[in-house]
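Read the structure below first, then the notes.
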Amino acid sequence: MRSFYGETLASPLMLGTAQYPSPAILAEAFRASGASVATVSLRRESGAGRAGQAFWDLVRDLGVKILPNTAGCHTAKEAVTTARMAREVFGTDWIKLEVIGELDTLQPDLFALVDAAATLSAEGFKVFPYTTQDLVAAERLLDAGCEVLMPWGAPIGSGLGLNDEHGLRAMRAHFPDTPLVVDAGIGLPSHAARAMELGFDAVLLNTAVAKAGDPAQMARAMAMAAEAGALAFQADPMEPRDMAAPSTPVIGKAFLS
């Protein structure tokens with residue numbers, strides 16, 4: 001497994017904590033998944049009587065690495081402020097940086113994302129930027145201090161899978177030594193497996209598990225798929241061919257005259 005800011009994770013699956021039918025089902029899904037990371041929104045933690053304390057206690061009891069996010073932020077200033085608050089609340093320098101620029105697709109604002117990443121990196125944050133497959137923006141994020149890139153597979157919550165495999169392949173080839181995580185759009189275990197087959201280091205998802213009829217079973221399926229995809233990539237799979245190639249050798253075959 002690739003390390004993320006010096007930490008090696010036991011599982012390539014990162015799992016969100018939103019939209020589950022109940023806290024008990026959330027905990028069951030995490031146990032079934034074996035996920036190494038839980039993403040958590042600061043908005044869960046309310047200032048009024050600390051209404052989110054029970055949720056925070058539940059997340060801590062999961063025993064996984066916490067990755068707070070800046071979900072719902074639309075400017076660099078808002079994202080930076082949210083990240084600073086999250087560091088106080090959750091006690092970690094890890095932050096999943098989201099700066100949304102377009103409401104229908106929830107596509108990130110790459111310009112504001114780079115600005116926010118530079119500010120947070122300078123303050124000691126370990127930034128996980130939610131981005132696209134844009135290679136120029138990726139270079140700017142690395143120059144800003146990021147050591148991880150998290151391109152989307154498809155719009156958040158869409159379940160469409162990997163909309164641009166060419167772009168993902170290009171990013172993997174262009175940044176061979178950078179940890180890469182496919183974040184958003186994964187709806188099926190096959191999507192998770194495919195991301196890992198392309199050489200990505202982890203997948204991050206939420207809705208596909210939380211909204212499944214059986215979240216725990218889907219979480220386990222996603223974990224198995226991610227692991228299978230990782231093993232397939234490490235095994236150096238065969239290249240596809242345009243024509244058939246017999247698996248049984250012709251030499252030694254009996255011929256009737």
Side-chain angles (χ1 to χ4, degrees), residues 14-20 37-47 52 66-90 92-123 125-164 167-168 171 180-187 191 195 200 202-211:
M14 302 179 178
L15 198 56
T17 56
Q19 305 185 71
Y20 289 84
V37 172
T39 60
V40 182
S41 173
L42 180 67
R43 297 167 195 272
R44 290 271 189 176
E45 191 77 12
S46 170
I66 304 299
L67 178 61
N69 65 44
T70 62
C73 293
H74 295 269
T75 67
K77 182 178 180 180
E78 185 182 8
V80 168
T81 300
T82 301
R84 290 167 177 163
M85 294 171 63
R87 179 157 63 178
E88 280 192 37
V89 172
F90 299 112
T92 178
D93 290 329
W94 280 27
I95 190 74
K96 178 189 171 187
L97 182 61
E98 297 182 29
V99 187
I100 301 302
E102 207 284 319
L103 291 179
D104 288 334
T105 62
L106 299 181
Q107 180 172 328
D109 179 336
L110 300 180
F111 304 98
L113 184 68
V114 172
D115 286 346
T119 299
L120 293 173
S121 295
E123 295 181 8
F125 281 90
K126 296 174 173 62
V127 181
F128 291 69
Y130 164 63
T131 184
T132 66
Q133 291 91 344
D134 189 297
L135 298 182
V136 177
E139 289 277 14
R140 298 293 186 272
L141 287 166
L142 295 179
D143 290 343
C146 297
E147 296 182 14
V148 177
L149 296 171
M150 301 180 70
W152 65 349
I156 295 171
S158 67
L160 291 172
L162 309 184
N163 277 356
D164 183 8
L168 293 172
M171 182 169 273
L180 300 180
V181 181
V182 170
D183 175 18
I186 290 177
H191 300 156
F200 280 71
V203 292
L204 195 160
L205 56 102
N206 188 165
T207 308
V209 168
K211 291 296 186 181

Side chains of H74 and V99 in contact at under 4.5 Å (non-hydrogen atoms)
no
How far apart are the C-alpha atoms of K211 and N206, what are their side-chain angles, what is the distance that settles it, and do they pass the side chain to side chain contact (heavy atoms under 4.5 Å, CB included) test?
CA-CA 8 Å; K211 291 296 186 181; N206 188 165; over 6 Å; no
Counting C-beta onward and ignoring hydrogens, is there a side-chain heavy-atom pair between V181 and M14 closer than 4.5 Å?
yes
Any residue meeting side chain to side chain donor-acceptor pair (under 3.5 Å) with E123, in chain and number order, not counting sequence neighbours
R84
Partners of F128 by ring pair (Phe, Tyr, Trp, His ring centres under 6.0 Å), sequence neighbours excluded?
Y5, W94
Residues at least two apart in sequence or cross-chain that pass side chain to side chain donor-acceptor pair (under 3.5 Å) with T105, listed by chain then number, are E102
Derivation and outcome, side chain to side chain contact (heavy atoms under 4.5 Å, CB included), residues Y130 and I100:
CA-CA 9 Å; Y130 164 63; I100 301 302; 4.1 Å; yes
Quick one, V37 and L15 - any side-chain contact, counting heavy atoms below 4.5 Å?
no
side-chain contact (heavy atoms from CB on, under 4.5 Å) against D115, all qualifying residues, sequence neighbours excluded
A76
Side chain proximity check, K96 to D183, heavy atoms < 4.5 angstrom
yes
Smallest separation among heavy atoms of I186 and V182, with atom names
CD1-CG1, 4.0 Å
Side chain to side chain donor-acceptor pair (under 3.5 Å) partners for R87, two or more places apart:
D93
Side-chain donor/acceptor of T70 to backbone N/O of C73, under 3.5 Å:
no
I would like to know whether T207 and Q19 meet side-chain hydrogen bond (donor to acceptor under 3.5 Å, both in side chains); could you show each step before the answer?
CA-CA 7 Å; T207 308; Q19 305 185 71; 3.3 Å; yes
Please examine the side chains of L141 and T131, heavy atoms only from C-beta on, and report whether any two atoms are closer than 4.5 Å.
yes
Mind checking what makes side chain to side chain donor-acceptor pair (under 3.5 Å) contact with T119, not counting sequence neighbours?
none
T39 (side chain) donor-acceptor with L67 (main chain) under 3.5 angstrom:
no
Under the side-chain contact (heavy atoms from CB on, under 4.5 Å) test, which residues partner P68, sequence neighbours left out?
I66, A86, F90, T92, I95
Report the distance from atom CG of D134 to atom CG of D164, rounding to the nearest 0.5 Å.
11.0 Å
Output side-chain donor-acceptor pairs under 3.5 Å for residues 147-162, partner residues at least two apart or in another chain, one line each.
{"unit_1": "W152", "atom_1": "NE1", "unit_2": "Q133", "atom_2": "OE1", "d": "3.3"}
{"unit_1": "S158", "atom_1": "OG", "unit_2": "P155", "atom_2": "O", "d": "2.7"}
{"unit_1": "S158", "atom_1": "OG", "unit_2": "L160", "atom_2": "N", "d": "3.4"}

Do L120 and V80 come within less than 4.5 Å of each other through their side chains, counting heavy atoms only?
yes
